[in-house]
Amino acid sequence: MSPTIERDVPAEELGHVRSGHLPARYDHRLQDVFLTQLDRLMRPGVRILDVGSGRAPTIPPADRPAGCRYVGTDIDADELAAAPPGSYDLEVAADATKPLPIDERFDVILSWQVLEHVDSMASSLSAFHAALDDGGTLVAQLSGSRAAFALLSRAMPHRLRVLAMTRLLGHADEEKFPTRYDACTDKELRALLGQWSKVEIIPFYRGGSYFLFSRPLLRAYLAYENTIARRDVRALATHYLVVATR
Ligand SMILES: C[S@@+](CC[C@H](N)C(=O)[O-])C[C@H]1O[C@@H](n2cnc3c(N)ncnc32)[C@H](O)[C@@H]1O
């Protein structure tokens, strides 16, 4: 997935939807659902912490409201250093599972495809809770631990997973970070978010793009995914969008 989230870009899968190879739920980007949630929170002077932002901030500087403070944090200082100049007001190399090592509070914490990489979801959510002001909101998108692609990747050594994703799916290898999938299910997330004042978890059933390299495999996978999508079996969702208010 692309780091900085550009607006007004059609879904990569749209051609496959039009040709009938993917169902209609693939006709928009997960990024757009994420941005819709974020847009509701944007106002002049908003203080944003982008967790696991790495080499490109999730919201590019040109899309931020006037007076916005934008802090980027990542466990890997080299990833932050690779971001274009002016990406962040402050860069903090820090592990999301640990208390934030700066004395600042935020109105919004956002995290795009990072929480499946952390060793402890409980510690990360508790660090986010502490770094938000009262009424502040966490908007986090993550992959589900019971998605077919997650189960496959968990069964493979990391290097083999990177090889498969670069050779079969054409992903860039510098985008591939080791995954942990700790508590990445609807039920586990809800249990850990018990102390937050408002919690919404939106499930997605969108793993088909991992199987586009083989039509028979894609068809078999979609027969399964269409069933769990129709029944809204949240435990098996491929991705979750968490919107939680402190
Ligand atoms: C898949 S990338 C996502 C980066 C960016 N948000 C994007 O959309 O491209 C995962 C990022 O999470 C960072 N990361 C992994 N574990 C982390 C942790 N425990 N704390 C903070 N960042 C972490 C990685 O260094 C990497 O930059």
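Sequence positions, counted from 1, serve as the residue numbers for this chain. None of the values given here were measured: they were computed from a predicted structure. Whatever order the structure lists ligands and atoms in, that order sets their numbers, starting from 1.
Backbone and side-chain nitrogen or oxygen atoms of Trp112 are examined, and one is located within less than 3.5 angstrom of a nitrogen or oxygen of ligand 1. At under 3.5 Å, not a single nitrogen or oxygen of Val51, backbone or side chain, sits near a nitrogen or oxygen of ligand 1. Polar contact with ligand 1: absent for Phe177 (N/O pair, distance under 3.5 Å).
Under a 4.0 Å criterion applied to the non-hydrogen atoms of Ala94, ligand 1 contributes the atoms 20 (N), 21 (C). Each of the atoms 1 (C), 3 (C), 10 (C) of ligand 1 lies under 4.0 Å from some heavy atom of Gln113. Atom numbering of ligand 1 starts at 1 in the shown order; those under 4.0 Å from a heavy atom of Asp76 are 25 (O). When each atom of ligand 1 is checked for a heavy atom of Ala96 under 4.0 Å away, the hits are 18 (C), 19 (N), 20 (N), 21 (C). Below 4.0 Å from some heavy atom of Asp95 lie the following atoms of ligand 1, by number and element: 18 (C), 19 (N), 20 (N). Close approach to Val114 involves these atoms of ligand 1, each under 4.0 Å from a residue heavy atom: 6 (N), 12 (O).
Glu13 pairs in a salt bridge (Lys or Arg N to Asp or Glu O under 4.0 Å) with only one of the listed residues (Arg25, Arg206, Arg18, Arg29), which is Arg206.
Aromatic ring centres of His239 and Phe149 lie closer together than 6.0 Å.
Around the CD atom of Glu200, the shell of radius 6.0 Å holds more than 12 heavy atoms that belong to other residues, nucleotides or ligands.
Look at Asp39 and Arg7 and you find a salt bridge, because one of the NZ, NE, NH1 or NH2 atoms lies within 4.0 Å of a carboxylate O, short of that distance.
Of the options Asp74, Val118, Asp50, the smallest heavy-atom separation from atom 25 (O) of ligand 1 is shown by Asp74.
Tyr240 and Asp186 share no side-chain donor-acceptor pair at under 3.5 Å.
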Criterion side-chain hydrogen bond (donor to acceptor under 3.5 Å, both in side chains) on Glu116 and Ser145, from CA distance to verdict: CA-CA 8 Å; Glu116 64 273 39; Ser145 54; over 6 Å; no
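The two residues Thr238 and Ala147 have their closest heavy-atom pair at CA-CB, 3.7 Å.
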